[in-house]
There are 2 protein chains.
Amino acid sequence: MQRAAAAWVRRGCCPGTRGPWRRGRSSAAAEAPAVLPGRPERAPRERILTPESMNPRVRAVEYAVRGPIVLKAGEIELELQRGIKKPFTEVIRANIGDAQAMGQQPITFLRQVMALCTYPNLLDSPSFPEDAKKRARRILQACGGNSLGSYSASQGVNCIREDVAAYIARRDGGVPADPDNIYLTTGASDGITTILKILVSGGGKSRTGVLIPIPQYPLYSAVLSELGAVQVNYYLDEDNCWALDVQELRRAVREAKEHCDPKVLCIINPGNPTGQVQSRKCIEDVIHLAWEEKLFLLADEVYQDNVYSANCTFHSFKKVLWELGPEYSSNVELASFHSTSKGYMGECGYRGGYMEVVNLHPEIKGQLVKLLSVRLCPPVSGQAAMDIVVNPPRPGEESFAQFVREKEAVLSNLAEKAKLTEDLLNQVPGIRCNPLQGAMYAFPRLLLPPKAVEAAQAHGMAPDMFYCMRLLEETGICVVPGSGFGQREGTYHFRITILPPVEKLKTVLQRVKDFHVQFLEEFA
Amino acid sequence: MQRAAAAWVRRGCCPGTRGPWRRGRSSAAAEAPAVLPGRPERAPRERILTPESMNPRVRAVEYAVRGPIVLKAGEIELELQRGIKKPFTEVIRANIGDAQAMGQQPITFLRQVMALCTYPNLLDSPSFPEDAKKRARRILQACGGNSLGSYSASQGVNCIREDVAAYIARRDGGVPADPDNIYLTTGASDGITTILKILVSGGGKSRTGVLIPIPQYPLYSAVLSELGAVQVNYYLDEDNCWALDVQELRRAVREAKEHCDPKVLCIINPGNPTGQVQSRKCIEDVIHLAWEEKLFLLADEVYQDNVYSANCTFHSFKKVLWELGPEYSSNVELASFHSTSKGYMGECGYRGGYMEVVNLHPEIKGQLVKLLSVRLCPPVSGQAAMDIVVNPPRPGEESFAQFVREKEAVLSNLAEKAKLTEDLLNQVPGIRCNPLQGAMYAFPRLLLPPKAVEAAQAHGMAPDMFYCMRLLEETGICVVPGSGFGQREGTYHFRITILPPVEKLKTVLQRVKDFHVQFLEEFA
């Protein structure tokens, strides 16, 4: 018995006592199992799945938005719950774009339709508006057995794909959209992962290269690691409001050709974590480059409703592609992505999203459906949520006024917080923040003193990770270090969401300021 | 213009006119775009993403349950809608285990809790029972912002993982289960895919080999193709009710070692597509073998509630592992899977599921959470559905009687249909069907005349694909050929679900019989 127990502990897997859930046998028996009489004792077996034997591509994956700093935040929360004293009373999770977790209320109409779809007995209830019932009936009629509990087609429910196509056509001023080119997905991440999976091939110098902006949203680097593709960085221009610089993109393509086959270009617009909104001219230039360099375009447009600066407008890649004329619109291959998680609805938990493909080879469409069919279908409740996002109440309908009021309230509140965040961060000495033209984040630059950089190195940490860990431990504010998104060598940043309510956001930013000033003094 | 249009058609991507959704520009303009005056015309560009350039591993993926026969079924449905006459009036999709699409009603309590979680205003409604409200409040309190619209932790909502652990402990007669070992997933497929992703490594002779039963559920072969793992087949014993034969498993391991590193063993119990329920003795033998041969066990137990034969009982691998004593329970690595999609609830569309891991290396747990965090979280509504499955109404609670009534009605109905299907299929000359001990399918063997096999070959089809296509075209019944699951060379089968309502199922089986008799005559 001792031997087995010792081996267990040696391998570090004794889970300790963790609360009320250990039922049945005593936890001691579970954790340090005895050898029963009459059975031969064998030497503890080496594990099959270990950090050494596991898939090295998975080992190489990094995902900062939920990385070490977030694990640390969880530990601190547990300590607070246990009554351990800290210089703060709560952890504020400003690391992730999770609006409803920060108190944003769901759009009433959306949840009404979802509740009706979930429990159709409510269709007889007088407490639900007729337009919500109409939407719910339409969705249910398109579901197998009239139920959200049936699988949908792998590509998604037909009528929802039709609604998505109609939405895109409206959004893009009449540019046609074909429901056959719409694939409903489990959030936008699923669509991005799936199309990259199909795109990546080759080995050695013909390995697929995928161009991603730096700073990037780390889904991209994570998926590229997993697929063994070559990540090709192009740097956004911090001195120019994080604009995409086509010359820099051209440089990245040219240099990439020396060691891989660059054939995919990812764009995030509005930018995450950088918040810039791409100009129409810039999108045109990117499309010209994609044509010349034979690049497949991936346009991550999940923040299309989140544009705050008065002089900025969202232009979809699809629309600009069409406006450039048929030689482009009938040739350049494009996949664009949207989601229920961002915008004004913030329905992250439902994992709804869609992908629109343009000029995809017809056989590849078949391959795509085949690949998607292995996971059967995206969550049907998430598909329903996506439907309501693309097919909201219309003028004249019962819920229209309330819907518009709620939507505008969320968006104007976000615009106010974008400006507030920029202004307050720029008042901190040693912090410089570009305007937040769109999306949900600030990505300010930190001017860290050399002694802080040395201290970080002594701790074996990236300097901004060191900074963010200290910020978390001293203020309870959880943000993500710039090194998790990528940045120019020798520069340091963090990403902070603008989602806390205004008063709380002010407190957060004041605490960041106080921390920063004290940090600068400490390492002066 | 002609040139561009011609090129478009040549590449086969002109989508044709497909209905009312083409808005904005005319469809003609969209499909055969004109070259605008003043722009230089360029030669149509070759596509970047083609069947030749795509990821060859994805190209190699097959997934029969939604494969060519299902595409054909969709075409036939469209033809019926357009009024084209057929020898039948509807397509019956007996290809997929989608209970609610076949008319099974959702469990009332489950949907009540889901509706309350979706639209918490209903918590004030007198039309919902108190026990449902209590469940909903508990789930919401564990969600960020008390909303299903927030992201959950990557591993799943804490209290739901606790409920899953308590369920497993109850199910397994007190064997302890730790919420830390529970990972909520997007259906069971997601869990299976994720753990395989981590397990697969190596190249050449040290490439990971994964043992799967033949016939198998084609998720396994599809994921192994995608990951580039070596699929190692072990054949279930059709002459012995599709039992797992440990000697055959041993043979498969031995032969695999000559060309790969077999280190994962997948078990499906109750079997899909084969419907056998594994005996306790057999599970013991498999565990002994896993110990000896150093195999990581994957136990797909999504049909654990679907056991019909009086002399069969479901035993979980976890429970048997524990009963074999600590040398096993503290050493053998196991992941087991469950889902909201099957059982008596049939909530496929919500994509709920969980994975329990046993003896996983602590660092691998971290790797797993990291990998899962890239997709952010499983759909929270699916997590909530999973919670209700593992934490249903208890004796004394308001909804208990109705819940038990509904659950028993579904399960006894399925048991009746399992027997009916076996009996009717065995009345057909040239069809032989094992007892359906569990799950939701029959997988009868077809004795096809040599002339039918020759005719199939002339059409370039597997003989059972030829048979199933003919069955679909002549009767409207959509089933999946055995070749999509794997079978012993020279044997032919199909998989049919037992989910249609009893009277419809009788009609379906009668039509299969008539078709089969006529097919035999045709190729006698």
Side-chain angles (χ1 to χ4, degrees), chain A residues 12-13 21 23-25 30 33 36 39 42 45 47-51 54-55 58 63 66 98 100-101 106 111 114-115 118-119 144-145 147-151 162 165 169 174 176 189 198 200-201 222 263 296 325-327 330-331 333 347-349 351 361-364 373-375 379-381, chain B residues 12-13 21 23-25 30 33 36 39 42 45 47-51 54-55 58 63 66 98 100-101 106 111 114-115 118-119 144-145 147-151 162 165 169 174 176 189 198 200-201 222 263 296 325-327 330-331 333 347-349 351 361-364 373-375 379-381:
Chain A
C13 92
W21 52 68
R23 301 194 181 88
R25 295 188 189 192
L36 298 184
R39 290 182 183 277
R42 304 191 196 188
R45 195 171 73 159
R47 277 206 177 73
I48 297 154
L49 181 55
T50 65
M54 72 178 284
N55 186 338
V58 172
Y63 189 70
R66 296 192 160 208
D98 191 358
Q100 295 190 18
R111 291 303 188 94
M114 298 290 286
T118 304
Y119 191 56
S147 172
L148 292 191
S150 302
Y151 292 120
E162 287 172 20
S189 306
I198 298 186
V200 168
S201 65
K263 63 179 189 189
F296 191 110
E327 59 198 313
S330 65
N331 280 299
E333 291 153 82
E347 294 285 7
C348 310
R351 314 304 303 118
H361 192 293
E363 281 185 47
I364 296 293
S373 75
V374 177
R375 58 96 166 100
V380 181
S381 51
Chain B
C13 94
W21 52 67
R23 302 196 179 86
R25 295 188 188 191
L36 298 184
R39 291 183 182 275
R42 304 192 195 187
R45 194 171 73 157
R47 278 208 177 72
I48 297 153
L49 181 56
T50 65
M54 72 178 284
N55 185 339
V58 172
Y63 189 72
R66 296 192 159 207
D98 191 357
Q100 296 189 18
R111 291 302 187 93
M114 300 290 287
T118 304
Y119 191 56
S147 172
L148 292 190
S150 301
Y151 292 120
E162 288 172 20
S189 307
I198 297 186
V200 168
S201 65
K263 64 178 189 189
F296 190 112
E327 58 198 314
S330 65
N331 279 299
E333 291 154 81
E347 294 285 7
C348 310
R351 314 304 303 120
H361 191 294
E363 282 185 48
I364 296 293
S373 74
V374 177
R375 59 96 165 100
V380 181
S381 52

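Below, chains carry the letters A, B, ... as their sequence lines are ordered, and counting in each starts from 1.
- Atom CE of A/Met114 is separated from atom CD of A/Glu347 by 7.0 Å, given to the nearest 0.5 angstrom.
- Contacts between B/Arg111 and chain A at a heavy-atom distance below 4.5 Å involve backbone atoms as well as side-chain atoms.
- Counting heavy-atom pairs closer than 4.5 Å to chain A, the top residue among B/Val58, B/Asp98, B/Val380 is B/Asp98.
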Please walk me through it: do A/Lys263 and A/Phe296 pass side chain to side chain contact (heavy atoms under 4.5 Å, CB included)? CA-CA 6 Å; A/Lys263 63 179 189 189; A/Phe296 191 110; 5.9 Å; no
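- In terms of heavy-atom pairs under 4.5 Å with chain A, the best-connected choice from B/Gly145, B/Pro379, B/Gly349 is B/Gly349.
- With a threshold of 4.5 angstrom between heavy atoms, B/Pro51 approaches chain A through its backbone and through its side chain.
- Contact annotation for B/Ser189: only side-chain heavy atoms (C-beta onward) come within less than 4.5 Å of a heavy atom of chain A.
- Per-residue counts of heavy-atom pairs under 4.5 Å with chain A were compared for B/Val374, B/Leu49, B/Asn55; the largest is that of B/Leu49.
- Looking at every heavy atom in both residues, A/Gly149 comes nearest to B/Gln100 through CA-OE1, 3.4 Å.
- Listed options A/Ser373, A/Ser381, A/Ala115, A/Pro106 were ranked by heavy-atom pairs under 4.5 angstrom with chain B; first place goes to A/Ser373.
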